[in-house]
Amino acid sequence: MIEEKDLAELCATILTGVTVGTGSLILLFASGAHVLVQCTFQCIERGNVRHGHGEQAIDSTLLFEYLNQTVKGAELDNESVLTLNFEDGKQLKIIPERNGLESYVVTTRFGICPVIAT
């Protein structure tokens with residue numbers, strides 16, 4: 001389960017990389033934290049929403065504009081949607097799929113936190 005201390009590891013840090021794998025994307029942060037994404041995500045900027053999926057390698061290009069940007073805040077709502085708010089006003093929402101399978105995994109120095117939504 002993702003705790004406040006895990007969310008804090010994603011704050012005030014820079015998104016330094018996006019690794020494209022078979023069936024997943026991995027967001028790499030300067031703090032050493034990373035988020036493996038195997039579900040839908042939304043890139044939000046000034047009211048415009050672009051949709052992507054972690055299992056689609058081509059969708060990694062949506063994340064490139066977030067590279068080298070600082071995360072201002074990280075939130076987890078009661079539906080397990082992870083929202084990363086960036087200093088430039090952009091948002092990245094990682095939305096778990098309600099299929100009982102692992103949707104995304106947050107890894108910090110405190111541990112590994114898989115998110116499985118039903």
(message) So which atom in P114 and which in I112 form the shortest heavy-atom distance, rounded to 0.1 Å?
(response) CD-O, 3.5 Å
(request) Rounded to the nearest 0.5 Å, what's the gap from CG on D88 to OG1 on T70? Could you check? (result) 9.0 Å
(request) Please tell me if the side chains of L27 and L15 come closer than 4.5 Å, counting only heavy atoms from C-beta onward. (result) yes
(message) V115 vs V105, test: side-chain contact (heavy atoms from CB on, under 4.5 Å). Steps then yes/no.
(response) CA-CA 6 Å; V115 174; V105 180; over 6 Å; no
(request) State the CD1-CZ distance between I2 and F110, to the nearest 0.5 angstrom. (result) 13.5 Å
(request) Could you tell me whether a side-chain N or O of D59 sits under 3.5 Å from a main-chain N or O of H53, the two making a donor and an acceptor? (result) yes
Would you give me the side-chain donor-acceptor pairs under 3.5 Å for residues 28-47, sequence neighbours excluded?
unit_1	atom_1	unit_2	atom_2	d
S31	OG	E9	O	2.9
S31	OG	A33	N	3.3

(request) Check N85 against E75 and note the closest heavy-atom contact, atom names and distance. (result) ND2-OE2, 3.3 Å
(message) Quick check: closest heavy atoms across Y104 and S80, and the distance to 0.1 Å?
(response) OH-O, 2.6 Å
(request) Write down the atom of V106, the atom of T108, and the distance for their closest heavy-atom approach. (result) CG1-CG2, 4.0 Å
(request) To the nearest 0.5 angstrom, please state how far the CG atom of L76 sits from the CD1 atom of I94. (result) 10.5 Å
(message) Restricting to non-hydrogen atoms, name the atom on C113 and the atom on D6 that form the minimum distance, rounded to 0.1 Å.
(response) SG-OD2, 3.6 Å
(message) To the nearest 0.5 Å, what is the distance between CD on E97 and CD on E55?
(response) 6.5 Å
(request) Please answer: with hydrophobic residues joined when any side-chain heavy atoms are less than 4.5 Å apart, are I26 and L7 in the same cluster? (result) no
(message) Just verifying a value: how many Å separate K90 NZ and E65 CD, rounded to the nearest 0.5 Å?
(response) 4.0 Å
(message) When you group the ILVMFWY residues by side-chain heavy-atom contacts below 4.5 Å and let the links chain together, are L82 and I95 in the same group?
(response) no
(request) Kindly determine whether V49 and H51 satisfy side-chain contact (heavy atoms from CB on, under 4.5 Å), including the steps that lead there. (result) CA-CA 7 Å; V49 180; H51 300 269; 3.7 Å; yes
(request) Compare every heavy atom of C11 with every heavy atom of A74, then report the nearest pair and how far apart it is. (result) N-SG, 3.4 Å
(message) Please report the interatomic distance CD1(I14) to CG(L67), rounded to the nearest 0.5 Å.
(response) 11.0 Å
(request) For the pair T61 (side chain) and I58 (backbone), establish whether a donor and an acceptor sit closer than 3.5 Å, ignoring hydrogens and angles. (result) yes
